[in-house]
Amino acid sequence: MASSSSSSSTQVKKITLKAADGKHFEVEEPVAMEMETVKSFFVGNEDAMKDMVVPLLNVSSEHMPAILDFYRNHSEFRKRTPPPPAEEVKAFNEAFLENKSDEQLMEMIMAANFLNTKELLNFLTEAAANRIKNKSVEYVRAFFGIENDFTPEEEARIRAENEWAFDGLDED
Amino acid sequence: MTNVENIPYELMTLILLKLSVKSLLRFRCVCKIGYALIKSPSFISTHLKSHNNEDAHLVVHNFEYRFIDDSNYPFEYSLFVDKTLKDLSYQVLDSQFPIHGELNGPYDGLFVVWQREYDLIYLCNIATRETRALPKCRFGYPHIYGCGYDPLSDGYKLVFLRLFSLEDGSNYSLDSHVSLYSSDNDSWRYLQVSELRQYFCRYYSC
């Protein structure tokens, strides 16, 4: 995990999160509170904060470090004055997605949905859309793991309705 | 690759909402559920709302009088390629507008094109490249009109307001007609709204 560079004399409160496979992650409170699911766990239950372990049943420990890294960096981007240059944010985002398979991306989308964090979910769904936007119908079926349930005649008819939408696609 | 059972429908919808209309028209072929989703009014209206601002472009309508040769189109539609207008090059949109006329809009994604010389009105959706000629309106040119999406009927409505002056001997009065076009049944309805006379009088006096 990336270490917090803003460590000062004041002790930052930590919250322990437990991934689906039982692995524990100690996370600084403000970072943990980026996740609505974690936040709602503590609402009206302030006393429980110190030692309670928050179970995250739908998030695999494989993705936890990357997800936490995203929250740390993006919350820092939001707070910084003047705001960071667009290239810096873009560079972080591109590095974040590098070497992530389609399957890993989908798993992280589901994790972001479970953690109820709009910013991450928005970012990841945008990334998934970018991977398929100029692709063929066959590629998209494979991407989502969808079986074609149209007859060849039905499919040909729908294609014919908007022939122009099939021009200028990327190679699969 | 990924397994469909793992991807909830709602998350697939979130991904599809980020795509362009061109991609969505193509992906209607993916499967029956996808087809129904992409065609559904709620998806279309959410998609329109989420893309409305970020995809803002300026459509320019050029009007040129060319009396020399009737075969020349006096109209041209174009789109500035660079949103910030630092680069003033533009893309001619005429392939997306098969007809030419007075352009208004967009109203919830649709343009209204009016060919006054033939009294013909078209609704054009540039994104899907669909154009529909409207049936003729009984009352001809409106003085004011508006257009928009009606979620109740899941279609577009076009409202025409027209003012008539009535002369009866020395008495002079105004009458008004409202014509309402609905895209779901592709027809006009005609209403007489007497209160509108008041409105028109004020409208013309200011």
Side-chain angles (χ1 to χ4, degrees), chain A residues 58 60 100-114 118 120-170 172, chain B residues 1-40 43-44 46-47 49-51 53-55 83-84 86 91-98 124-132:
Chain A
N58 291 19
S60 140
K100 296 268 190 306
S101 69
D102 291 342
E103 191 163 6
Q104 286 172 318
L105 182 61
M106 286 299 168
E107 284 168 6
M108 291 215 293
I109 287 174
M110 284 187 274
N113 184 50
F114 171 79
K118 272 209 179 123
L120 180 61
L121 186 60
N122 197 34
F123 168 69
L124 295 172
T125 48
E126 185 89 52
N130 283 335
R131 288 188 183 189
I132 59 173
K133 65 180 178 186
N134 291 322
K135 298 292 187 180
S136 70
V137 170
E138 293 73 23
Y139 185 94
V140 172
R141 281 186 194 127
F143 185 85
F144 286 117
I146 292 174
E147 291 283 325
N148 178 15
D149 53 0
F150 285 118
T151 64
E153 295 75 31
E154 284 171 331
E155 190 179 334
R157 187 179 50 76
I158 300 167
R159 274 180 190 256
E161 282 173 16
N162 292 288
E163 206 61 68
W164 64 274
F166 293 83
D167 294 340
L169 302 186
D170 295 346
D172 284 355
Chain B
M1 275 291 171
T2 49
N3 185 348
V4 70
E5 272 93 28
N6 290 333
I7 306 158
Y9 192 57
E10 65 186 268
L11 293 182
M12 208 189 296
T13 308
L14 288 182
I15 296 169
L16 294 178
L17 281 170
K18 311 273 184 192
L19 292 168
S20 69
V21 173
K22 185 183 176 189
S23 301
L24 290 171
L25 290 175
R26 188 166 69 250
F27 300 156
R28 294 206 295 202
C29 289
V30 166
C31 65
K32 286 179 180 172
I33 291 180
Y35 182 82
L37 171 76
I38 292 168
K39 277 206 123 176
S40 74
F43 181 86
I44 292 170
T46 314
H47 185 266
K49 274 185 215 131
S50 55
H51 288 255
N53 296 325
E54 64 187 69
D55 284 353
K83 281 183 238 186
T84 64
K86 276 181 201 150
Q91 169 199 347
V92 175
L93 276 181
D94 288 7
S95 60
Q96 273 105 309
F97 283 107
C124 295
N125 185 335
I126 314 189
T128 60
R129 303 192 186 178
E130 284 170 301
T131 299
R132 177 192 284 195

Practice task
Tell me, for A/L124 versus chain B, whether the close heavy atoms (under 4.5 Å) come from the side chain, the backbone, both or neither.
Solution key: neither
Handout entry: Side chain / backbone / both / neither for A/E138 at chain B, heavy atoms under 4.5 Å
Key = neither
Practice task
Using atom types as modelled and distance alone, determine if a side-chain donor or acceptor of A/N58 lies under 3.5 Å from a backbone N or O of A/F114.
Solution key: no
Problem - Check: B/R28 side chain, B/L37 main-chain N or O, donor-acceptor pair, under 3.5 Å - result: no
Practice task
Pick whichever of A/N148, A/N134, A/L105, A/N122 has the most heavy-atom pairs under 4.5 Å with chain B.
Solution key: A/N122
Exercise for the section: Give a yes or no answer on whether the side chain of B/R26 reaches the backbone of A/A165 with a donor-acceptor pair at less than 3.5 Å. Expected result: yes
Practice task
Using non-hydrogen atoms and a 4.5 Å limit, figure out which bit of A/E161 sits close to chain B: side chain, backbone, both or neither.
Solution key: side chain
Handout entry: Side-chain ion pair, A/E163 and A/R159, N-O less than 4.0 Å
Key = no
Exercise for the section: Output the option from A/R141, A/E155, A/R157 having the highest count of non-hydrogen pairs under 4.5 Å with chain B. Expected result: A/R141
Problem - Contacting moiety of A/N162, where chain B heavy atoms sit under 4.5 Å - result: side chain
Handout entry: Donor-acceptor side-chain pairing of B/E130 and B/T128 below 3.5 angstrom
Key = yes
Exercise for the section: Please examine the side chains of A/M110 and B/P8, heavy atoms only from C-beta on, and report whether any two atoms are closer than 4.5 Å. Expected result: yes
Problem - Proximity breakdown for A/S136 and chain B, heavy-atom pairs closer than 4.5 Å - result: backbone
